[in-house]
Amino acid sequence: DTAQPFFTSMASFEYGFTVHSLSQVNSATKQSSPKKSAKKASGNKARNAKPSAAESEVSSSPLSSMITISNVGLELYSSSVTRLLDDDHLRGSNATSLHDLQCGTGTTALQAFVSCPHLRRVLGVEQNKNLFHWATQNMMALIKNGYQNNTYLLVENIPSVKMTIAQKLPAQQLDSVSFAVNDAVFAFVPLKDGNIKKRDNYQGVVRAVHADGIHYDVEMGATKTVIKNVHKESIFKPGTERTFEVIRGNLFERSDSFRSDVILLPYAISNDSLRSLLLTGCKRSP
């Protein structure tokens with residue numbers, strides 16, 4: 001088998017489709033409400049006369065060429081995401097999971113998901129409703145356009161709460177994959193437009209193999225419902241599935257926020273706060 005590259009080179013990474021970045025969304029929001037923006041700017045003139053300590057620290061460091069800072073957060077350039085995940089920094093090649101906590105429009109998590117085939121699970125958490133909306137729009141753009149030779153499907157959609165997509169099995173691998181009755185699998189059933197699906201754990205058991213060798217009947221473990229005619233492009237042996245999930249919520253209220261190989265945290269979190277979170281965990285499960 002040909003080894004799959006860890007990720008696209010720093011200079012050549014391109015999504016291949018339009019994504020909504022944090023800075024673009026912020027700019028569009030300002031332009032759409034000039035009166036509100038003018039009032040806010042006037043009221044904060046004295047306070048905004050000089051940059052914040054965090055902005056001053058970043059602008060005077062090498063990071064200034066790698067990020068964009070706006071009043072809604074910090075955003076990495078795509079070349080910086082590639083560098084961040086290389087073996088000299090976060091060693092993403094050894095990771096199977098990545099959590100982007102306060103992910104904005106999800107561009108960093110999205111780039112990691114499409115360019116790092118080793119990552120089985122990528123999770124973004126964003127509290128801001130508007131930014132969460134644009135993150136889901138970026139996910140839908142990935143489903144519509146795909147990335148290189150990979151395609152994706154929508155498997156969970158709860159408006160303003162959560163969206164999950166999964167990578168399909170590449171077409172060139174379909175002939176080499178098969179399942180038998182009673183095999184434990186992960187099965188992702190694609191949603192039709194407008195449908196809403198609440199999450200189950202996607203784990204199931206094969207109950208029937210169709211004569212074409214392509215479709216299977218799978219009993220889902222959480223609901224005991226048998227899903228018929230599931231295409232094998234969306235069925236995986238446990239440990240080979242890949243999902244990208246974005247959730248709207250407070251990262252401090254999730255018990256699983258810090259259960260990941262790679263964690264991207266908001267730059268405003270102090271060391272003391274981080275230490276407390278790691279020691280005590282978060283408040284509730286997803």
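Every value quoted in this text rests on a predicted model; they were computed, and no experiment measured them.
Taken together through direct or relayed side-chain contacts under 4.5 Å among Ile, Leu, Val, Met, Phe, Trp and Tyr, Met220 and Val226 form parts of separate hydrophobic clusters. Both Ile235 and Val177 belong to a single network of hydrophobic side chains, linked directly or stepwise wherever heavy atoms of I, L, V, M, F, W or Y lie under 4.5 Å apart. With hydrophobic clusters built from ILVMFWY side chains whose heavy atoms lie under 4.5 angstrom apart, Met140 shares a cluster with Val19. A continuous path of Ile, Leu, Val, Met, Phe, Trp and Tyr side chains, each step under 4.5 Å between heavy atoms, connects Phe17 with Val122, placing both in one hydrophobic cluster. Under a hydrophobic clustering in which Ile, Leu, Val, Met, Phe, Trp and Tyr are joined whenever their side-chain heavy atoms come within less than 4.5 Å, directly or via other members, Val206 and Ile214 fall into different clusters.
Applying the side chain to side chain donor-acceptor pair (under 3.5 Å) criterion to Thr96, with sequence neighbours excluded, gives Asp261. Phe113 is linked by a ring pair (Phe, Tyr, Trp, His ring centres under 6.0 Å) to Tyr152, Phe244, counting only residues two or more places apart in sequence or in another chain. Residues forming a salt bridge (Lys or Arg N to Asp or Glu O under 4.0 Å) with Arg248 (at least two apart in sequence, or on another chain): none. Checked against side chain to side chain donor-acceptor pair (under 3.5 Å), Glu233 has no partners two or more places apart in sequence or in another chain. Taking the ring pair (Phe, Tyr, Trp, His ring centres under 6.0 Å) definition, one finds that Phe179 meets it with Tyr216, sequence neighbours left out. Legend: residues meeting side chain to side chain contact (heavy atoms under 4.5 Å, CB included) with Thr240, ordered by chain and number and at least two apart, are Phe236, Lys237. With sequence neighbours excluded, the residues satisfying side chain to side chain contact (heavy atoms under 4.5 Å, CB included) with Ala135 are Val246. The side chain to side chain contact (heavy atoms under 4.5 Å, CB included) test applied to Asn182 returns Val205, Arg207, not counting sequence neighbours. With sequence neighbours excluded, the residues forming a side chain to side chain donor-acceptor pair (under 3.5 Å) with Asp212 are His215, listed by chain and number. Here Lys228 pairs with Asp217 under the salt bridge (Lys or Arg N to Asp or Glu O under 4.0 Å) rule; sequence neighbours left out. With sequence neighbours excluded, the residues that form a side chain to side chain donor-acceptor pair (under 3.5 Å) with Ser97 are Ser260.
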Criterion side-chain hydrogen bond (donor to acceptor under 3.5 Å, both in side chains) on Asp86 and His89, from CA distance to verdict: CA-CA 6 Å; Asp86 68 21; His89 296 89; 2.7 Å; yes
Trace of the side chain to side chain contact (heavy atoms under 4.5 Å, CB included) decision for Leu84 with Leu264: CA-CA 10 Å; Leu84 183 70; Leu264 305 181; 3.8 Å; yes
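Among all heavy-atom pairs drawn from Leu154 and Glu156, the shortest one is CD1-O, 3.4 Å. Across all non-hydrogen atoms, the minimal contact from His99 to Arg259 is CE1-O, 3.3 Å. When all heavy atoms are compared, the tightest approach of Ser21 to Thr107 is CA-CG2, 4.1 Å. Closest non-hydrogen pair, Val155 versus Ala166, comes out as CG1-CB, 4.3 Å.
Taken to the nearest 0.5 Å, the CD1 atom of Ile165 stands 4.5 Å off from the CG atom of Leu142. Note that CG of Asn150 is 11.0 Å distant from OG of Ser115, once rounded to the nearest 0.5 Å. The CG atom of Leu85 sits 12.0 Å away from atom CG of Asn94, with the distance rounded to the nearest 0.5 Å. If you take CG on Leu153 and OG1 on Thr243, they are separated by 11.0 Å, rounding to the nearest 0.5 Å.
Sorted by first and then second residue, the salt bridge (charged side-chain N to carboxylate O under 4.0 Å, His left out) pairs with a member in residues 92-120 read Arg120-Glu241; sequence neighbours excluded.
Of the N and O atoms on the side chains of Glu126 and Thr105, not one donor lies less than 3.5 Å from an acceptor on the other residue.
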